Amino acid sequence: MNEQIARAAEILQASKFTTAYTGAGISVESGIPPFRGDGGLWSKYPPESLDIDYFLRDPEGSWKVIREIFFDFFKQTKYNQAHFLLAEMQKHGLIHRIITQNIDNLHQEAGSTQVFEFHGNSKSLICLVCLQAYHASEVDLSVLPPRCSCGGLLKPDFVFFGEPIPMDPLNAAHEAARLSDVFLIIGTTGEVMPANMIPPMAKANGAKIIEINPEESNYTRKITDVFLKGKATTMMQALYDALFSPPLENN
Ligand code: APR
């Protein structure tokens, strides 16, 4: 593995524009279960709960699941060492943009900037009638579904299945796929459209692909150049040490 780490460090040091592309796996060690795989959220909750048609048909039923997953649970989570080291690498000019599928806000809380959230963010709610935005902490979720002062239904400001990707992160992701010399993919199965098309676009434009994941993903055998098989915190620490630890004295 040391050889792979050294190769990844060399690629990152030579890169002029590196994008980190992250999925639920980078937040697993913050205690947030992934969506798929053992213990995944979709093995406990029906994915339909996050389908926009279901939400509009049964807002109370959908909000019960949303509150349990994204509010009761998310609010007690904290960023982990992988998020932190990614932010440190950005401060050292080794990461230039983060495209995340996650809605947990942990990249920002770890100090990262230039974060584009492909699926929105669970920290804000929006009124479906007057579009008034609310911070989740200022909304009483003891009564479901929550309503705006105008009486309109409030919806979490993240992308439900069946909803379009917001233009800002979509454009930022396509631009990253054009500009990047390197994509550092951390913790994603690569299963969900259209997010999963971004890394292959970067590869087609000549980007080198470094992937961190304890399991193989849809990318590993297709586009990955350097596969760092392991947990995000372990691999990010090893990568960070290879990038910044003083070179061993040649004795
Ligand atoms: N470190 C790194 N990766 C990990 C770890 C870990 N400690 N634990 C699990 N993983 C990997 C899994 O091997 C898997 O490849 O994280 C990935 C989690 O996969 P998913 O749950 O499918 O998450 P993701 O790919 O981000 O899902 C994409 O699906 O339901 C939608 O909107 C949701 O954004 C989400 C999208």
Side-chain angles (χ1 to χ4, degrees), residues 1 4-5 8 20-52 54-55 62 65-66 69-70 73-74 77-86 98-107 110 115-123 155-166 169-170 173 183-200 209-224 226-240:
M1 179 52 75
Q4 295 288 75
I5 293 282
Y21 176 86
T22 67
I26 196 171
S27 298
V28 163
E29 290 160 272
S30 292
I32 300 179
F35 290 96
R36 296 167 189 82
D38 298 346
L41 289 168
W42 296 147
S43 61
K44 291 192 193 107
Y45 300 97
E48 302 75 65
S49 324
L50 292 192
D51 185 292
I52 189 62
Y54 173 70
F55 178 79
S62 182
V65 177
I66 290 166
I69 303 178
F70 299 110
F73 189 56
F74 266 31
T77 54
K78 191 176 172 318
Y79 63 84
N80 63 52
Q81 189 68 350
H83 297 105
F84 173 70
L85 292 176
L86 199 59
I98 294 179
I99 306 291
T100 186
Q101 299 171 85
N102 302 339
I103 59 174
D104 55 31
N105 205 56
L106 294 182
H107 283 302
V115 179
F116 294 89
E117 296 166 303
F118 212 76
H119 294 145
N121 187 306
S122 61
K123 299 293 177 200
K155 172 188 164 297
D157 197 17
F158 53 71
V159 179
F160 280 49
F161 292 115
E163 277 196 299
I165 303 300
L170 186 64
F183 253 50
L184 173 59
I185 300 177
I186 308 173
T188 181
T189 44
E191 282 205 15
V192 172
M193 301 273 287
N196 66 357
M197 295 176 352
I198 304 299
I209 308 292
I210 300 167
E211 182 182 10
I212 293 177
N213 198 319
E215 311 286 333
E216 289 196 2
S217 71
N218 287 345
Y219 299 128
T220 312
R221 293 172 187 261
K222 290 189 193 127
I223 63 170
T224 298
V226 183
F227 183 41
L228 304 180
K229 187 173 170 61
K231 293 182 173 182
T233 53
T234 315
M235 291 297 121
M236 283 299 289
Q237 189 65 60
L239 195 49
Y240 191 84

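Below, each value reflects all heavy atoms present in this structure, side chains not excepted, and no hydrogens, waters or symmetry copies. Nothing fancy with the numbering, it's 1 onward along the sequence. Being a predicted model, the structure only gives us computed values, none of them experimental. Start at 1 and go down the list; that is how both ligands and their atoms are numbered.
- Near Trp42, with a cut-off below 4.0 Å to any heavy atom, the atoms of ligand 1 are 30 (O).
- Distance alone, capped at 3.5 Å, places no donor-acceptor pair between the Thr22 side chain and the Ile186 backbone.
- Within the listing of ligand 1, atoms 3 (N), 16 (O), 17 (C) sit less than 4.0 angstrom from a heavy atom of Gly187.
- Put simply, the side chain of Asn102 gets close to the backbone of Gly23: a donor and an acceptor are under 3.5 Å apart.
- Using a 4.5 Å cut-off on side-chain heavy atoms (C-beta onward), Tyr79 and Asp104 make no contact.
- For Val28, every heavy-atom contact with ligand 1 shorter than 4.0 Å involves the side chain, none the backbone.
- Around the NZ atom of Lys229, the shell of radius 6.0 Å holds more than 12 heavy atoms that belong to other residues, nucleotides or ligands.
- Of the candidates Arg36, Glu215, His119, it is Arg36 that places a heavy atom closest to atom 29 (O) of ligand 1.
- Rounded to the nearest 0.5 angstrom, Ile212 CD1 and Phe227 CZ are separated by 10.0 Å.
- Within ligand 1, the atoms closer than 4.0 Å to a non-hydrogen atom of Gly23 are 26 (O), numbered from 1 in the order shown.
- Close N/O approach between Ala24 and ligand 1 is found [any backbone or side-chain N/O within under 3.5 Å].
- Using a 4.0 Å heavy-atom cutoff, Phe161 is listed among the residues neighbouring ligand 1.
- At distances below 3.5 Å, not a single donor-acceptor pair connects side-chain atoms of His119 with backbone N or O atoms of Val159.
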Between side-chain atoms of residues 29-45 and protein atoms elsewhere (two or more places apart, or another chain), which donor-acceptor pairs fall under 3.5 Å?
unit_1	atom_1	unit_2	atom_2	d
Glu29	OE1	Ala232	N	3.3
Glu29	OE1	Thr233	N	3.3
Glu29	OE2	Thr233	OG1	2.2
Ser30	OG	Lys78	O	2.7
Ser30	OG	Asn80	N	3.4
Ser30	OG	Asn80	ND2	3.0
Ser43	OG	Gly40	O	2.4
Lys44	NZ	Gly39	O	3.4
Tyr45	OH	Glu68	OE2	2.6

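- For atom 18 (C) of ligand 1, the nearest non-hydrogen atom of the protein is Pro34 CB, 3.8 Å.
- For Asn102, no nitrogen or oxygen atom sits less than 3.5 Å from a nitrogen or oxygen atom of ligand 1, counting backbone and side chain alike.
- For atom 28 (C) of ligand 1, the nearest protein heavy atom (residue, atom name, distance) is Gln101 OE1, 3.2 Å.
- Every N/O-N/O distance between Lys231 and ligand 1 stays at or above 3.5 Å.
- The residue Ser217 has no part lying near ligand 1, judged by heavy-atom distances below 4.0 Å.
- To the nearest 0.5 Å, atoms OG1 (Thr188) and CG (Asn196) are separated by 8.0 Å.
- Looking only at protein heavy atoms, the nearest one to atom 16 (O) of ligand 1 is Gly25 CA, 3.2 Å.
- At distances below 3.5 Å, at least one donor-acceptor pair connects side-chain atoms of Ser62 with backbone N or O atoms of Ser49.
- Comparing Val192, Asn213, Ile212, Asp38 against atom 12 (C) of ligand 1, the shortest heavy-atom distance belongs to Asn213.
- For atom 25 (O) of ligand 1, the nearest protein heavy atom (residue, atom name, distance) is Thr188 OG1, 2.6 Å.
- With a 4.0 Å cut-off on non-hydrogen atoms, Glu29 touches ligand 1 through its side chain and not its backbone.
- Polar contact with ligand 1: present for Phe35 (N/O pair, distance under 3.5 Å).
- Residue Thr189 has at least one nitrogen or oxygen atom sitting less than 3.5 Å from a nitrogen or oxygen atom of ligand 1, judged on distance alone.
- Using a 4.0 Å cut-off between heavy atoms, Phe118 makes no contact with ligand 1 at all.
- At most 12 non-hydrogen atoms from other residues, nucleotides or ligands lie less than 6.0 angstrom from CZ of Phe84.
- Looking only at side-chain heavy atoms (C-beta outward), Pro47 and Phe161 come within less than 4.5 Å of each other.
- Looking at Tyr21, its side chain does come within 3.5 Å of a backbone N or O of Ala195 through a donor-acceptor pair.
- The nearest non-hydrogen atom to atom 3 (N) of ligand 1, considering only Gly230, Ala232, Pro33, Pro214, comes from Pro214.
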